[in-house]
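Shown next, in structure tokens, is the structure this report addresses.
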Number of protein chains: 2
Amino acid sequence: MDPLSATFAALADPTRRAILGRLADGEATVTELAEPFDMTTQAVSKHLRVLEEAGLITRGRRAQWRPSRLREDALDDATDWLEHHRAAFRQRFDALDREIAALRKDEENDRGKH
Amino acid sequence: MDPLSATFAALADPTRRAILGRLADGEATVTELAEPFDMTTQAVSKHLRVLEEAGLITRGRRAQWRPSRLREDALDDATDWLEHHRAAFRQRFDALDREIAALRKDEENDRGKH
DNA sequence: GCATTGTTCAACCATCAGGTTGCACAACCG
DNA sequence: CGGTTGTGCAACCTGATGGTTGAACAATGC
């Protein structure tokens with residue numbers, strides 16, 4: 001899967017988004033991350049694998065713990081795509097607005113000629 | 001599915017992202033949208049349904065054509081989430097930087113006492 | 001050494017996603 | 001009217017996802 005698709009897919013799950021939010025407070029182990037959820041640690045471990053493969057987190061290794069932490073550039077590509085396209089979309093709607101304004105003006109002129 | 005998850009899930013597919021890019025140039029019918037892809041129109045129709053249910057596009061009805069067009073506020077929620085969290089992540093890393101700088105300073109002070 | 005703890009792995013299950021084909025239906029065009 | 005075109009719907013297939021349970025393994029603590 002291409003990296004951008006992997007990132008958006010990783011973000012398309014509320015559990016994973018909550019995990020990312022938690023990690024903004026600092027690194028955490030699997031059991032710590034699993035605590036708020038009604039879910040086994042194995043399930044959370046799977047979510048962490050998805051986040052890691054999407055390049056959103058990295059995972060350390062300290063004794064039997066595997067602390068997860070955010071990657072600093074985690075959301076850069078996704079943010080770039082979204083901002084770029086949102087800007088393009090806005091431009092499109094602005095163009096439409098101008099067209100509509102031009103049509104209105106034509107109508108006025110037509111009425112003037114009568 | 002919650003709206004934010006639906007939006008990210010919709011964006012997690014290169015075909016759908018390409019369709020959105022195409023729609024930034026103006027509305028288009030299913031067959032027009034399907035043309036660049038090695039895929040049946042039915043498959044594209046399914047993608048459009050996903051985009052519609054995620055609130056990213058709306059679909060008109062003109063004779064036997066169903067023109068799709070972007071929703072003006074399509075990417076707002078997703079952009080908000082990403083920008084908010086990217087900012088929070090940055091703050092986290094800035095805090096880490098400060099901690100590291102403080103540790104370095106302590107070391108210097110310790111050396112000074114010898 | 002042995003029980004406990006934190007984590008992963010493997011197998012399994014149910015559901016969903018992305019594609020196909022085939023058909024149905026509505027609107028146009030001769 | 002009958003044929004063509006644009007689209008949607010239903011059934012189906014395959015592979016991925018999100019969860020479970022049970023076992024394995026590595027490191028800790030008595």
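All values reported here derive from a predicted model rather than from experimental measurement.
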Just wondering, do F8(B) and T7(A) contact through their side chains at under 4.5 Å, heavy atoms?
-> no
Should H47(A) be listed as having a side-chain N or O under 4.0 Å from OP1 or OP2 of dG19(D)?
-> yes
Taking only side-chain nitrogens and oxygens of T29(B), does any of them come within less than 4.0 Å of OP1 or OP2 of dG6(D)?
-> no
Interatomic distance, E27(A) CD vs dG6(C) C1' [rounded to whole Å] | 15 Å
Separation of dG19(D) C1' from I19(A) CD1 (nearest whole Å) = 14 Å
Below 4.5 Å, heavy atoms only, C-beta onward: do L23(A) and L56(A) meet side chain to side chain?
-> no
Answer yes when R90(A) and D76(B) have at least one side-chain N-carboxylate O distance shorter than 4.0 Å, and no when they do not.
-> yes
Inspect the contact between E27(A) and R62(A) and indicate whether a charged nitrogen and a carboxylate oxygen are less than 4.0 angstrom apart.
-> yes
Over how many whole Å does the gap from I57(A) atom CD1 to dT7(C) atom C1' extend?
-> 14 Å
Side chains of R59(B) and R69(B): closer than 4.5 Å at any heavy-atom pair?
-> no
How close or far is atom C1' of dG18(D) from atom CE of M1(B), stated in whole angstroms?
-> 13 Å
How many angstroms lie between CG in L51(A) and CG in L70(A), if you round to the nearest 0.5 Å?
-> 9.0 Å
How are the rings of W81(A) and H85(A) set relative to one another: parallel (under 30°), tilted (30 to 60°) or perpendicular (over 60°)?
-> parallel
Roughly, in whole Å, what's the span from CH2 in W65(B) to P in dA27(C)?
-> 11 Å
Respond yes when some side-chain nitrogen or oxygen of R16(B) is under 4.0 Å from OP1 or OP2 of dG18(C), and no when none is.
-> yes
Can you figure out which of dG6(D), dG18(D), dT5(C) approaches the side chain of Q64(A) most closely?
-> dT5(C)
Protein-nucleotide distance (D13(A), atom CG; dC16(C), atom C1'), rounded to Å | 13 Å
With sugar-phosphate meaning primed atoms plus P, OP1 and OP2, does R62(A) contact a base, only sugar-phosphate, or nothing at under 4.0 Å between heavy atoms?
-> nothing
Shortest side-chain distance from T15(B), nucleotide among dG19(C), dG8(D), dT7(C) = dG19(C)
Within the structure, does a side-chain N or O atom of S45(A) lie under 4.0 Å from either OP1 or OP2 of dC9(C)?
-> no
Under 4.0 Å between a side-chain N/O of R61(A) and OP1 or OP2 of dT7(C), yes or no?
-> no
In terms of side-chain geometry, is the basic nitrogen of D2(B) or R17(A) positioned less than 4.0 Å from the acidic oxygen of its partner?
-> yes
Any R66(B) side-chain N or O less than 4.0 Å from OP1/OP2 of dG8(D) = yes
From the options dG18(D), dA11(D), dT7(C), select the nucleotide whose nearest atom is closest to the side chain of K46(B).
-> dA11(D)
Would you say dT7(D) has OP1 or OP2 under 4.0 Å from some side-chain N or O of R49(B)?
-> no
Proximity to DNA chain D (any heavy atom under 4.0 Å), residues of residues 33-44 of chain A only | M39(A), T40(A), Q42(A), A43(A)
By nearest nucleotide on DNA chain D, pick out whichever of A9(A) and P67(B) is the more 5' one.
-> P67(B)
